[in-house]
Structure formats: C-alpha cells, structure tokens
Number of protein chains: 2
Amino acid sequence: MTVSPTPTAVDVENSAFLKAIVQQIRANDPYGTYRNWSDELLLKPYVVTKAQKREISVEGDVDPITKGRIMAFYRAIASCIETETGQLAQVVIDLSHEGFGWALVFCGRLLVVSRTLRDAQRFGFDSLEKVAAEGEKLVKSGVDYINRFPDVAKI
Amino acid sequence: MTVSPTPTAVDVENSAFLKAIVQQIRANDPYGTYRNWSDELLLKPYVVTKAQKREISVEGDVDPITKGRIMAFYRAIASCIETETGQLAQVVIDLSHEGFGWALVFCGRLLVVSRTLRDAQRFGFDSLEKVAAEGEKLVKSGVDYINRFPDVAKI
C-alpha cells in the first residue's frame, strides 16, 4: 500500500486547465528560471488562504509578479477556449486603480469573459481544486457564449 | 465685416463629440485646474502634427498625461454611444507594452469599439476636424454594432 504525501482530488495531470496555466508560465520564462521547477511548485502561488490574504496589503498598485499570475490565469482560460472552439481569444487585464480593474477575454467582438477585479493584490484561491474549478467554469461559460453568438465571435 | 482669427470648419460648438471630450476633461478636474481654460485650449493637445509626432520618443511607457488624453477620447465615445442608445458603455485602456495595447469600449458582452494602440506616446490627430471625424466614426460604428446585436449588448 502506498500513501500519497499530499492527497488532493485534483492534480495537474488530470486538469486541462491547470496544465494550461503551467504552459502559460513556462511559455513566459525566457531565462529558464522555472526550467527545473515542478508543475506543482509553479502553481503553488495560486493557492492563497484566507489568513494569508488578510496579511497582504491592498494599499498601492499590484506588484508585477501578482499581475503576471493573474495574466497567466486568464491566458490559460483563453487558451482552453481556443482549443475547444478554434476561435482566437485575446486577453486584456486592466489594473489601473490600486487593485481594481477588469479582466477581459474576447473573441472577435464578443466578450467571453468579463470580470471586475478588486483587491487584486490578494489574487488567489483556497486550494488547487478551487483554481481548477473556477478556471473550468469560466472556460465553459466562454464556450457557451461563443455557441450562442457565433456571428459576434467571428467578426 | 468680422474676420475670424482661427477659421476652422469644425469647432466645439458644432461637434457633439468634441463637446463630449471637453465634458470628460472637466469631469476629471477635481482641483479646478482647467476651470478658466477655454474648450479650445483643453482640446489643443489632441492636435499633434506629423512633425511633432516624430519628435516624441516611443521608448518607455506612456506618460500619465497622454494616457489621460487617450482615456478622455474613448470615454467621450462611450458617453456619445450611451446618449444615442441608452446602453451603459465601459471603457478599458490597456497600455502595458511601451505604447502598445488596446482601447476597448463595451456594452454588456459586446465590444462596440476594439482598437489596438501602438506608439500611444504620439496619440493625436492632424487637426481638430480629424479628432471630431474619427470620434464620430467610432461612435457611429459602435451604435451600428448595438443595433445589429442588441441581445449581446444587453447581457
């Protein structure tokens, strides 16, 4: 009998969405900083507990590392939507007002993801399962919009 | 016989779009800096000749004043679209890559304006007529999109 050291219902191997995040991080690693990091280690910063969130100040602008993490999350959504629908998806993150802003993913003239961000300095999820679940929910909803309004997505 | 000192085909009085830009600038003037400025003076920075553009460096990020000018331009478009259609319009300007980025105006899930920006440090037009013409063109095109896809704009 083997005992798994960190038993989780979801891991990178069985979540297409978590794989897509990892792919985004590795694609934006020109100096090979993460070359020897495991997928799990790359995803670790996406898990931020409630207690940890309370300790992160929401004063001032969002630091570039957190911004990169948010970007990789929404780019992973865009990438999964592209894979499922064959439609090119663009990502725009606008964090102009001290942690407030927008995360948008669009195909043609259709906004397939439209989220307001607040306290973006604290961006993160309770667990890796939650990351995967939230990502998959947004991918599904985006794909549904494209199926509902194919003409708008193709402009 | 009166001679007009600066004869132009378009002025603020007969352009709803130029009026909308002025309104945006005055609305974002908490300290009353522009209180005694004429509308013409407020609009002057929107006119940047080709020779002036060549002198503006496109190295580095876009300065906050230019960013504010771009924002007021697209907010004026959003405001004119709101007036014509009664639909709430949001503006997102994303200038992340040294003068490169996106200007987006959206109603519901519909992108009514979707523009890539480049060399945004040089944002400006040959003349006030061109500012008015470009703005009105984008407003008209945005209103057309809403009329074509009212369901998407109302989500």
Side-chain angles (χ1 to χ4, degrees), chain A residues 24 28 30 61-72 74-75 77-78 81 85 87-98 100-118 120 138 140-155, chain B residues 24 28 30 61-72 74-75 77-78 81 85 87-98 100-118 120 138 140-155:
Chain A
Q24 286 300 323
N28 288 293
D61 284 339
V62 182
D63 68 277
I65 290 173
T66 306
K67 212 182 159 178
R69 196 156 66 233
I70 298 173
M71 199 68 195
Y74 286 99
R75 279 203 179 132
I77 291 169
I81 291 174
T85 64
Q87 291 276 126
L88 193 75
Q90 298 279 358
V91 180
V92 165
I93 306 289
D94 171 39
L95 280 174
S96 21
H97 318 288
E98 308 204 326
F100 280 75
W102 287 94
L104 305 173
V105 182
F106 54 100
C107 297
R109 290 280 178 160
L110 184 66
L111 281 171
V112 295
V113 176
S114 166
R115 288 239 148 163
T116 49
L117 300 171
R118 63 188 186 90
L138 287 171
K140 194 188 166 304
S141 144
V143 171
D144 286 349
Y145 274 113
I146 294 173
N147 291 334
R148 237 174 103 194
F149 305 109
D151 296 352
V152 187
K154 275 182 193 127
I155 293 173
Chain B
Q24 286 301 324
N28 288 294
D61 283 339
V62 181
D63 67 278
I65 290 173
T66 307
K67 211 181 161 181
R69 197 155 67 232
I70 299 172
M71 199 67 195
Y74 286 99
R75 279 204 180 131
I77 291 169
I81 291 173
T85 65
Q87 292 276 125
L88 193 74
Q90 298 279 358
V91 180
V92 165
I93 306 288
D94 171 39
L95 281 173
S96 22
H97 318 288
E98 307 206 327
F100 281 75
W102 287 95
L104 304 173
V105 182
F106 55 100
C107 298
R109 290 281 179 159
L110 183 65
L111 280 171
V112 294
V113 177
S114 166
R115 288 240 148 164
T116 49
L117 299 171
R118 62 188 186 92
L138 288 171
K140 194 188 167 302
S141 143
V143 171
D144 287 350
Y145 274 113
I146 294 173
N147 291 335
R148 239 173 103 193
F149 305 110
D151 295 352
V152 187
K154 274 181 194 127
I155 292 173

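Chain A is the first sequence line, chain B the second, and so forth, proteins listed ahead of strands; every chain is numbered from 1. Bear in mind the structure is a predicted one, so any value in this text is a computation, not a measurement.
Without hydrogens or angle criteria, A:R109 side chain to B:L111 main chain gives a donor-acceptor distance under 3.5 Å.
Residues satisfying the side chain to side chain donor-acceptor pair (under 3.5 Å) criterion with A:N28, sequence neighbours excluded, are absent altogether.
With contacts defined as side-chain heavy-atom distances shorter than 4.5 Å, the pair A:L104/B:W102 does not qualify.
Contact annotation for residues 141-150 of chain B against chain A (heavy-atom separation below 4.5 Å, listed by residue number): B:Y145, B:R148, B:F149.
A:D94 approaches B:I93 most closely through the heavy-atom pair OD1-O, 3.5 Å.
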